[in-house]
K.L.:
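Take a look at this one; I'll ask things after.
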Amino acid sequence: MGITIKVGLASCGLADGAGHVYTAAQEYIASTKAEIALEKTACIGMCFAEPLLEISSDDAAPITYGYVTPETVPQIIDAFLQNKPLADHA
C-alpha cells in the first residue's frame, strides 16, 4: 500500500505551525518501516483549519486533517496504517 502524506506549507499554514508538523511527520516516518511518501504542498484551501495534513493511499480516499499539531502526527499515521483513520480533526 503506497501511502502519501501532504502538508500544506503555504504562508497560511506556515504561520500556524505547519513547518513543525512537516518536521514531526518527517521524523516519525523515518522511525517507522512503512513506505510513506511525504510531500510539501501549497494551500489546501481551508486556511481557517491550519495546519492541514492530507493522507491517502492507493486504495483509500484522501483524508484531510485540520488543526494538526506535531503531537497528533503519530496518531494520525498509526491509525491510517491500521486501516482505522481517526475521526478527530478530519
K.L.:
Could you check whether any side-chain N or O of T72 sits under 3.5 Å from a backbone N or O of V68, counting only pairs where one atom can act as donor and the other as acceptor?
P.N.:
no
K.L.:
If you round to the nearest 0.5 Å, how far is CD of E39 from OH of Y22?
P.N.:
8.5 Å
K.L.:
Minimum heavy-atom separation for S57 and I3, please, with both atom names.
P.N.:
CB-CG1, 4.1 Å
K.L.:
I'd like to check the side-chain hydrogen bond (donor to acceptor under 3.5 Å, both in side chains) partners of D78; sequence neighbours left out, ordered by chain and number.
P.N.:
Y28
K.L.:
Go through the steps for I5 and I29 under the test side-chain contact (heavy atoms from CB on, under 4.5 Å), then give the verdict.
P.N.:
CA-CA 10 Å; I5 295 175; I29 290 167; 4.1 Å; yes
K.L.:
Could you tell me whether the side chain of F80 reaches within less than 4.5 Å of the side chain of I77, counting heavy atoms only?
P.N.:
no
K.L.:
Listed by chain and number, what are the side-chain contact (heavy atoms from CB on, under 4.5 Å) partners of H20, not counting sequence neighbours?
P.N.:
P70
K.L.:
Please report the closest heavy-atom contact between I63 and A90, naming both atoms and the distance.
P.N.:
CG2-CB, 4.0 Å
K.L.:
According to side-chain hydrogen bond (donor to acceptor under 3.5 Å, both in side chains), who are the partners of E71, at least two apart in sequence or on a separate chain?
P.N.:
T69
K.L.:
Nearest heavy-atom pair of V73 and V21: which atoms, and what distance?
P.N.:
CG2-CG1, 3.8 Å
K.L.:
Please table the atom pairs, donor to acceptor, closer than 3.5 Å between any side-chain atom in residues 41-55 and protein atoms at least two apart or in another chain.
P.N.:
residue : atom : partner : partner atom : Å
E50     : OE1  : L52     : N            : 3.1

K.L.:
Under 3.5 Å, which donor-acceptor pairs do the side chains of residues 6-15 form with other protein atoms, sequence neighbours left out?
P.N.:
none

